[in-house]
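Note on naming: letters A, B, ... go to the chains in the order of the sequence lines (proteins, then strands), and numbering restarts at 1 for each one. What you see is a predicted model; the values in this text were computed from it and never measured.
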2 protein chains.
Amino acid sequence: MRDSPLVADATRERIKDHARAIGYIYNRRAASLRTSRSGIVGVVVHDIMNPFFAEILRSIETELDRSRQTFLLSNHYDQLEKQRTFIDTLLQLGADGVIMSPAIGTPSEDIAMVEGNGLPAVLIARSVEGADVPVFRGDDAYGIGLATNHLISLGHTRIAMIGGTDQTSTGRDRYHGYVNAMEAAGLEVREGWRIPGPRTKQAGFEATQRFLAIEEKPTAAVCWNDLVAIGLMNGILRAGLTPGVDISVTGYDDLEEAVIATPALTTVWNGQREVGRRAARTLLDRLNGVEVHGGQELIRPELHVRSSTGVPRER
Amino acid sequence: MRDSPLVADATRERIKDHARAIGYIYNRRAASLRTSRSGIVGVVVHDIMNPFFAEILRSIETELDRSRQTFLLSNHYDQLEKQRTFIDTLLQLGADGVIMSPAIGTPSEDIAMVEGNGLPAVLIARSVEGADVPVFRGDDAYGIGLATNHLISLGHTRIAMIGGTDQTSTGRDRYHGYVNAMEAAGLEVREGWRIPGPRTKQAGFEATQRFLAIEEKPTAAVCWNDLVAIGLMNGILRAGLTPGVDISVTGYDDLEEAVIATPALTTVWNGQREVGRRAARTLLDRLNGVEVHGGQELIRPELHVRSSTGVPRER
DNA sequence: CTGAAAGCGCTTACAG
DNA sequence: CTGAAAGCGCTTACAG
């Protein structure tokens, strides 16, 4: 059945025909028990329904399909406990490897434990300090700098930052990138101009009130991602203002949706496809015994200017 | 380790301590080989990144987590081949059951084969003619009738239908529901008022041109789902018209996003949570040996009126 | 080129 | 209450 060259063609065919006839089903558990290879790769991210991760997953799926690996998906919703349960399941099933976007607070010991149990890991989108495994993510500080500088070059001086958290490497890098760009241009950064929060449309929509109430009336908002930006733009529209005219808004990620948002969203392409593709390939390489070095691989983001940004206008 | 009552407490604790100390990992493949229970439930849908399925999946996830079942997810992208490969994988892994939203063209023999191999199946969102398994889906004909009648009661007489396909049970039911509502009100249904297509924002957005070019200038559009409706509204906005004022638009599904769309979308709540919850529970019942009868269970949809619909206005 | 034996790590049933 | 044996369905290595 395994197309071994040690078996005569005629015999092989005879056996295969018979297998088909009786509806034989290959038992992967038994095979895996013997070979200690399962053909399963685990993938765990914050939330697979978030289009940012969804786009990464799609390219991982493409790569793994090609190598006939089954992929086991899970959300961790940034709950360490849920992530650990999933990792346990992978170990129990004898998974061959894992691609993870680590939950907030993942200690490097967790990664070391995974690797120590013979489960090669590759990280995406977020890094874990002290973990010696390959990491693929965008260059967030650089990327958010592109968005901030774009607004500055249009003449904006009061620029708010909406959404995100300090608890992930991504969140810290994006905030620093924004602060650095502002300071490099000699602009003030006020604590009140920052509205942290979840990274969803809902959160962006709900942040609108607070944003519009800021005393110094910022003329632009750098949003943590496209979802927050689209939510904020909807909120701005509801308030009777026009995004891209009255208030400039930038996103981050360049989701497929960014193009059809109204107005079309100026955003930073974050290389989701690239991240997924390279993470999957690197993991497959490791499974095939190729020596791979740990450390971050930063995908360089690009600014995509559309209609949600323009010259400042006082309210 | 399995907390058998046949083992003395002291022994149990001694063994468990030792297991922890040496980092013992339970081998589920071996256990499953012996017991022929794997703790794996497969879930296959058109596209997990589609928020409609995502919302169903979330409630399935909640139910399965509660019963400590691992769930293996897959998209089939309406490719029969991909669906079959996934089912094969489930059989090979000795999965305990499968929840599926069958790909377009799934023959009832495929479902019978699955069941025949000891893999209990439950269908969601779409049914398969001749398959004798439980099906949970919304009452699409009734639901689309709610949307259509709402528009008719506002005074609309030229109502288009955007998106969807005749190739799924859902698609056929929604189209018939629309036609029936129109005819019951003595209104004409023109072939040119129907613009079938994919069920995505992108598709809704791209349908705008064709929609606006229809000669009889419909004053309202019944959309196949919220994604198409949001895409269409974005297209209408770009064309300089205002959805809910110049053109009324209804969605279907009542995604979380419907509330924050601009204008807020009038749509039909389709009971995603309910579908997922009941499908998962029914499957778990079957796994526990409870006798379950096949046949459709229709969740009754509800109309949620918001701001994207109003009285007709001539263009 | 083919066949028979051993063993992967569990669970079950049985003997002590 | 504990221990030893058999067997789930594969793959590997070895003998013919």
By the side chain to side chain donor-acceptor pair (under 3.5 Å) test, which pairs, at least two apart or in different chains, include something from residues 98-108 of chain B? Q83(B)-T106(B)
Quick one: list whatever passes side-chain contact (heavy atoms from CB on, under 4.5 Å) with [X], sequence neighbours left out.
X	value
R58(A)	E61(A), R273(A), D47(B), M49(B), Y77(B)
A203(A)	P198(A), T200(A)
A30(A)	N27(A), L33(B)

List in chain and number order the residues that pass side-chain hydrogen bond (donor to acceptor under 3.5 Å, both in side chains) with R37(A), two or more places apart in sequence or in another chain; answer none if no residue qualifies. none
With N50(B), which residues qualify under side-chain hydrogen bond (donor to acceptor under 3.5 Å, both in side chains), at least two apart? none
Could I get a table of every N or O pair under 3.5 Å where one atom is in the protein and the other is in nucleotides 5-9 of chain C?
residue, atom, partner, partner atom, Å
dG9(C), N2, A30(B), O, 3.2

Let's test your reading of the pairing rules: Watson-Crick or G-U wobble, both distances under 3.5 Å, then write DNA chain C as a dot-bracket string with ( ), [ ], | and dots. |||.||||||||.|||
Validation: residues 118-126 of chain B side-chain donor-acceptor distances under 3.5 Å, sequence neighbours left out:
residue, atom, partner, partner atom, Å
R126(B), NH1, D78(B), OD1, 2.9
R126(B), NH1, P102(B), O, 2.8
R126(B), NH2, D78(B), OD2, 3.4

